[in-house]
Each structure stands twice: as structure tokens, then as C-alpha cells.
Amino acid sequence: MITLEHVSKVYDTGIKEITALDDVNLHIEKGEIYGVIGFSGAGKSSLVRCVNLLERPTAGSVTVNGQELLHLSPRELREAKKNIGMVFQHFNLLNSKTVFTNVAMPLLLSKTPKEEVKQRVTELLEFVGLSDKADNYPDQLSGGQKQRVGIARSLATQPSVLLCDEATSALDPETTNSILKLLKQINHEYNITILIITHEMGVIREICDKVAVLDRGKVVEAGSVFEVFSDPKTTIAQNFVRSVMHDQLPDSVYQLIKAQDEAHQIYRIVFIGESTGSPLLSQIAKQFPVEVNVLFGNITELQGIPFGNLIVKFDGEPKEINRVLMHIRHSDITLKEVLADAG
Amino acid sequence: MLVDWQQIVTALWETIAMVSFSLLFAVLIGLPLGILLVVTRKGHLWENKQVFAVLNAVVNLFRSVPFIILMVAVIPFTRLIVGTSIGTAAAVVPMMLFSGPYIARLIENSLLEVDPGVMEAAQAMGATPRQIILRFLIPEALSSLLLGITIATIGLVGASAMAGAVGGGGLGDLAITYGYQRFDTVVMVITVGILVIMVQGLQSTGNILSKKIRRR
């Protein structure tokens, strides 16, 4: 649906050249919700703007819906853009126009008959839950409502792709959730492919199928959200995952780890999927003469799959602890890793 | 001292005529000029360094010539257009040349204040440059544009006072020739009073219209 190949974007400030995107490759399937995460300045905004050519890449190719956008004439490109909706961080609504006219704008640009405009806008406002606000002005709306107008407007021309540029970054957590729900609903009901740019890992966890991590203009890690969350490879991805998984050790636990000796060993156990439900620890306590002490733990759900993370302390004879570890390693319940954790 | 009311009413009409016509033509010159000054800028819709540089220089040139000098300097041009260089109609030409570039600057300022995000949204939905200007830039700037034009109108009322130099008549001319040069204090007070009321009225009207469009 969306394919970026070797896309680079270099800004020439006159004094020096700034590389915003460096040989980015991205492939997004139809119907996917794809997230791109990165710190500010990583090049996220440039990336999403290169998809609908609000910014022209310095090199590379951008294909949306089978059309190579860089080869289109200005007129063809304008037509192609009607198939690509865009939602902005700061909504970018016309303050001088009513909610109705704002949503109708893309249709008015292509000279859609009045009746059709009215019908379509009414339908869209109902979909985003703002039927009663049609005659209000953007100034009279809350941030969440403004973003709903922005979303309704982006859907007016029935696009097959929706680009979200930090669509929830200006909103409070509760409103963020309701907007994410709406995006998910759009993806389900209209089968619209969504590309989300964000700096919040929570957004990725909440609705994305796949994720790419962008750092200094390069995609440093990409894969399914589950893969990246359960086994982040790069430090930057690990930091992002940590920001929402809360698997960082509390200080008190860290002190205990420092004080560990052969008879008191601390391990990190990661459960994935069904194994989260299995009573591994209580089995160990029954079968082996060791004390099991859970120091820290949490269970999160990723795309419907439970994901557990426990820090446990085993007290007992070193020999017995080794047997426990063997048992854990050999258990057929999917246990991802057992490791002595230095912090 | 007897006040010649007929004379004052005639002068009032002359002022209104000069200001209205010159405003109309000045807007016709200033609006496209102001839009061009914005869209030919670096990174804008029709980025064009040369066009921008030329327009910018021309606007600055007209803005730097004092009105009284401009009025005399353009006499040949005035004669070409109106057929004469004297009278109320003749005064309209220098007034419009004085105000047009000024309005262009005011319009340029208003348009530059429009949130660049709005333009980005317009481009993302595939609007043509024409549509971006007419449906996004101007409507968003309209409230501030009206305030700018109000300022320009008041500037024209001031300029019309100098139109006496080319026999344009009007209240300002009356104030100078009768009020000042003939020491006719009553005429002076009346004409200045009318001008004060006129300016107050124009500013209030501008404020009200601008507020109405903003709809807060």
C-alpha cells in the first residue's frame, strides 16, 4: 500500500546540510496500522510528509496505492492526494469556518454537488460523534473535538490511506485514548491503512500492528509490535519499550541484586502468551527446596497477547537453585529468557 | 461670522469621493500585490526570487516618497489617465498610488499571520494554489485584512487633506485655505470636527466588521 525505497531528505540551510532522512525503507501492507516512533528531531515529521509529498524527498521513491508519486505531474499529484488523508498534531482547521464547512472543504475543492456534500458531511460528523457541533466554530471546541473534526475532514474524500502526524500529542491521556479508539474503528470499518507518527510508545502499544523505530533519520529497528516489544534489539528501542512496559527495576530491588550471593540469586523471567497463565512459580516452590520470592513484576497486554515480566529471588542451596533453572529452561511453557540481571 | 454650510457640505462630499475612489483602486492594486508578496516568498506557493525582489523594491520605493512630492511627481501620469492634473478626480490618482503599496504591505502582514499549518492541510487535501489563496489564506486572514484596510482608509482621509495642492478640494483643503490662511476659526473647528468624527466612525466600523468576521 505504501512503500518507501531508499528515501533520503536533506535540508540545505545555506550554512550546512542537515540530513533528516537517511536511506529509509518502509513497507506498509493494506489494512495495517503502522507506527513510526522516534524522539523529536529523529525525522518523523519529514518521513510522514514525504509520503504525501508535502516535502519532496531528495532521493528515493515513494509508492502509494501502486502509484509512484514522484513521477506524477502536479495535477496528478493533487488527485493522488485525495486518496491520502492527513491528520495533524495541531489540527490545522480553518478558524473562520464552521465545523461543517471544515469537514466539507476537501469535497468543496473538487466541486462535489451540494446535496452529496451535505450527506457525506452529516455522515462523517455522526461517525466521529460531533453531529451537534456542525454549526460551531473550531474555537468553541475542545482539543479532542477539534481532532475529531480533523479526522472527519481527512476521511471526506474516502481515502485508502490515512497519515497521522503526532495526532494525539497535543491531547491529554484520556482524550488520546478516545482518539486512538476512533482511529482503530476507522481502520476496521473502512479498511483504511494508517501510518502513525508519534513519540509516545503508548500509542504504538495501543493500536499499531507494526512499528519502525527512527533514530537520526534512519530506521534502526522494525517489525511487528509484539516482536519489538518483547525483544527490542537496539538501545533506543529498549528505552521506548521501557517507557511503557515499566519493567525497570525499582531501586530497592537493585540494592538487593547488588547484595546477591550464591544462595540468594535474582533472576528475570519473561512470560509470553499462554505461559503467563501457568503456575510456574508455585510449581517450583512445591518441587524444589528453595524459597521463591517475587520482588517485582507486571503483566501487560500487547495486541491481545499477555506479556509478563517478573523479577524473582531464589533462596536455597546453589545446587538446588541450579536444578530450578534447569527446570525453567526445560519447561515447555514458553518462557523466553531467564537471566541473572545486573540491573 | 457667517458659516457657509453649502461650502462645507461640498467639501465633505469631495473628501468622501476622493477617499472612496482612491480606496477602491488602491485595494485593487494592493490586494494582488500583497498576495504576490506572500506567495513568491521563499518556500511559498509560487516561490520566485526575482518577482519578489522587484515587487518588494517597488513597494518600498512608493512607500518612501512623501505624499506631497508623489502628487506632483505623478502629474504626467495623472493627466494621461484622467485627462487633467487638477481637480477631485485628479487627486484620486496620486492617492491610489500612495495607498496601494501601503495596502499591499498591510495585506502581506495579515496573510503572513495565517497559521502555516492551515496551508499544509490545504496542500495535503490536494488544493490548487488558487484554491489555497481564495479558500484558505484569504478567509483565514479576512478579519485582520479588514483592520488593515481600515487603517489604510484613515490614512487616505489624511492624504486627502493635502489634495488641495492639486485643486482636489475636500475638508482638509477647506481647513487650510479658510481656517488657517484666512484665520476663520469657526470653519477650522467645524472641518476638523467632521474629520475627527469621520475617523472615529471608520475605525469603529472596521472594528465591528472585523470582530463580526472573527466570530469569537
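Every chain is numbered from 1, with letters handed out A, B, ... down the list of sequences. Note that this is a predicted model, so its numbers are computed, not measured.
Other residues, nucleotides and ligands place no more than 12 heavy atoms under 6.0 Å from the CD atom of Q200(B). Counting heavy-atom neighbours within 6.0 Å of Q119(A) CD, excluding the residue itself, gives a total of 12 or less. Heavy-atom neighbours of E76(A) CD from other residues, nucleotides or ligands within 6.0 Å: above the threshold of 12. Other residues, nucleotides and ligands place no more than 12 heavy atoms under 6.0 Å from the CD atom of E115(A). Dense packing is recorded around CZ of F127(A), with more than 12 heavy atoms of other residues, nucleotides or ligands lying under 6.0 Å away. Environment of NZ in K118(A): sparse, with no more than 12 heavy atoms of neighbouring residues, nucleotides or ligands closer than 6.0 Å.
In terms of heavy-atom pairs under 4.5 Å with chain B, the best-connected choice from N52(A), L77(A), L54(A) is L54(A). Here M105(A) is the residue among K82(A), H90(A), M105(A), K97(A) with the most heavy-atom pairs under 4.5 Å with chain B.
Both the backbone and the side chain of L94(A) come within contact range of chain B, each with at least one heavy atom under 4.5 Å from a heavy atom of that chain. Residue contact with chain B, scored on non-hydrogen atoms closer than 4.5 Å, is absent for R75(A). Looking at L163(A), neither its backbone nor its side chain comes within 4.5 Å of chain B, counting heavy atoms on both sides.
Contacts from residues 116-152 of chain B to chain A, taken as heavy-atom pairs separated by less than 4.5 Å, involve G117(B), V118(B), E120(B), A121(B), Q123(B), A124(B), M125(B), G126(B), A127(B), T128(B), P129(B), Q131(B), R135(B), F136(B), P139(B), E140(B) in sequence order.
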